[in-house]
Amino acid sequence: MAARDADMADLDEHPRRGARSAAARKQKGRGFRDREEMDIDDRSGPYEATERGGTGPLQSVEGWVIFIANVHEEATEEDVHETFAEFGDIKNIYLNLDRRTGFVKGYAMVEYGTKKEAQDAIDAMNGQELLTQKLAVTWCFSRGPGRAASSRATRR
Amino acid sequence: MADAAGFYVRYYVGHQGKFGHEFLEFEFRPDGLLRYANNSNYKNDTMIRKEVHVNPAVLDEVARIITDSDILKEDDANWPMADRVGRQELEIVMGEEHISFSTTKLGSLLQVQQSKDPEGLRIFYYLVQDLKCMVFSLIGAHFKIQPIQR
């Protein structure tokens, strides 16, 4: 995917296909030998983005999305709605299920129309309990690299 | 959990057929960049390529799902080979581990059960679905597109 991106200055650090994987890592799998014969061109860019650059939360096409982790496996969409509706009108809820067990996988996404509503929900609900489990609530998308930015700076 | 220095996930599924090279691929890079590509030539559908940075918390959740699945303990040595039906690739870098598994497209759980490594392949089968489900939600939530479920 990455092979032709001019902005991938860290390509040689990139683990794709194990080409320059850290020597200390244990490699396992046929994928290292058995490369795809399919058209690699299809798998390179360009990629569309809504916005690029900067730091902080990123606005989505129709609103602001927050990410909620440590959601109880028996939580329902109504539970999530009830908990998060008090901060604003909820545009969308994503509460995905474990494909094997059918229980909630453990995370949820909630979309608000405004940044303030989303920020209020994060401020109020991060660390609060839902069905005995402490939620971790934060922004879902960001304008630029997260914490790896620091490791990028110290490379080489 | 998702150690910033190295965490990386890539999944690919595709085949060459009468509509050309049709595939779905996504990756999570160490800096949080999520990339998604989907090409279906059926009815002149076009290539979709989207990218967005996700918060470190999202990478942590991906890492948790991978860790909980125990996929890193598996090996693709006895899985069905990629073939004319198609190809799946799952590459994960996490801590000291780097796996790059490949197999054919799995149409059903029955095919998994009848394979030489049903336990390992079942883990792969469900993990891939859970990861796809998460990526479809992320891409759908941010870009308001409905990725093709396959």
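Protein chains get the first letters and strands the later ones, always in sequence-line order, with residue 1 at the start of each.
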Mark yes when over 12 heavy atoms from residues, nucleotides or ligands other than [X] sit less than 6.0 Å from its [atom1]; otherwise mark no.
{"X": "A:Arg100", "atom1": "CZ", "result": "no"}
{"X": "A:Glu82", "atom1": "CD", "result": "no"}
{"X": "B:Glu119", "atom1": "CD", "result": "no"}

Quick one: what part of [X] sits under 4.5 Å from any heavy atom of chain B, side chain, backbone, both or neither?
{"X": "A:Gln59", "answer": "backbone"}
{"X": "A:Asn92", "answer": "side chain"}
{"X": "A:Ala136", "answer": "neither"}

Nearest 0.5 Å, please: how far is CH2 in A:Trp64 from NE2 in B:His142?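 So the NE2 of B:His142 and the CH2 of A:Trp64 are separated by 10.0 Å.
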
Nearest 0.5 Å, what's the CD-NZ distance between A:Glu48 and B:Lys50?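 Answer rounded to 0.5 Å: 3.5 Å.
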
Could you state whether [X] and [Y] fall into the same hydrophobic cluster, counting links through intermediate Ile, Leu, Val, Met, Phe, Trp or Tyr residues with side-chain heavy atoms under 4.5 angstrom apart?
{"X": "A:Leu131", "Y": "A:Val110", "result": "yes"}
{"X": "B:Leu138", "Y": "A:Ile66", "result": "no"}
{"X": "B:Tyr126", "Y": "B:Ile92", "result": "yes"}
{"X": "A:Val104", "Y": "A:Phe67", "result": "no"}
{"X": "B:Phe19", "Y": "B:Val85", "result": "no"}

Should B:Lys144 and A:Glu111 be marked as a salt bridge (Lys or Arg N to Asp or Glu O under 4.0 Å) after you check the CA-CA gap, both sets of side-chain angles, and the distance that decides it? CA-CA 12 Å; B:Lys144 289 297 159 192; A:Glu111 181 180 348; 2.9 Å; yes

Pairing of [X] and [Y] as salt bridge, 4.0 angstrom limit:
{"X": "A:Arg30", "Y": "B:Glu89", "value": "no"}
{"X": "B:Glu96", "Y": "A:Arg25", "value": "no"}
{"X": "A:Lys26", "Y": "B:Glu97", "value": "yes"}

Answer whether the closest heavy-atom distance between the side chains of B:His53 and A:Leu58 falls below 4.5 Å.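 No, their side chains stay 4.5 Å or more apart.
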
Kindly give the heavy-atom pair with the smallest separation between [X] and [Y], and that separation in Å.
{"X": "A:Gly31", "Y": "B:Asp76", "value": "N-OD2, 4.1 Å"}
{"X": "B:Arg64", "Y": "A:Lys105", "value": "NH2-O, 2.7 Å"}
{"X": "B:Val52", "Y": "A:Phe141", "value": "CG2-CD2, 3.7 Å"}
{"X": "A:Tyr47", "Y": "B:Ala37", "value": "OH-CB, 3.8 Å"}
{"X": "A:Met109", "Y": "B:Ser137", "value": "CE-CB, 3.7 Å"}
{"X": "B:Ala141", "Y": "A:Ser60", "value": "O-CB, 3.9 Å"}

Determine whether a donor-acceptor pair (N or O, by modelled atom type, separation under 3.5 Å) exists between the side chain of A:Lys28 and the backbone of B:Leu72.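 Present.
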
Residue selection (most heavy-atom pairs with chain A, distance under 4.5 Å) from B:Met134, B:Glu74, B:Gln129: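 So the answer, after comparing B:Met134, B:Glu74, B:Gln129, is B:Met134.
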
Based on non-hydrogen pairs under 4.5 Å, which of [options] is most in contact with chain B?
{"options": "A:Gly29, A:Ala49, A:Gly63", "value": "A:Gly29"}
{"options": "A:Pro57, A:Ala69, A:Gly106, A:Cys140", "value": "A:Cys140"}
{"options": "A:Thr50, A:Asn70, A:Val65", "value": "A:Thr50"}

Show your reasoning for whether side chain to side chain contact (heavy atoms under 4.5 Å, CB included) applies to A:Arg99 and B:Cys133. CA-CA 9 Å; A:Arg99 292 308 176 103; B:Cys133 180; 3.5 Å; yes

Could you give me the CA-CA distance, side-chain angles and deciding distance for A:Ser142 and B:Asn55, then say whether side chain to side chain donor-acceptor pair (under 3.5 Å) is met? CA-CA 6 Å; A:Ser142 63; B:Asn55 196 289; 5.6 Å; no

Proximity breakdown for B:Val58 and chain A, heavy-atom pairs closer than 4.5 Å: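 Answer is both: backbone and side chain atoms of B:Val58 are under 4.5 Å from chain A.
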
Test log, rule side chain to side chain contact (heavy atoms under 4.5 Å, CB included), inputs B:Ile65 and A:Tyr107: CA-CA 10 Å; B:Ile65 289 169; A:Tyr107 64 90; 4.0 Å; yes

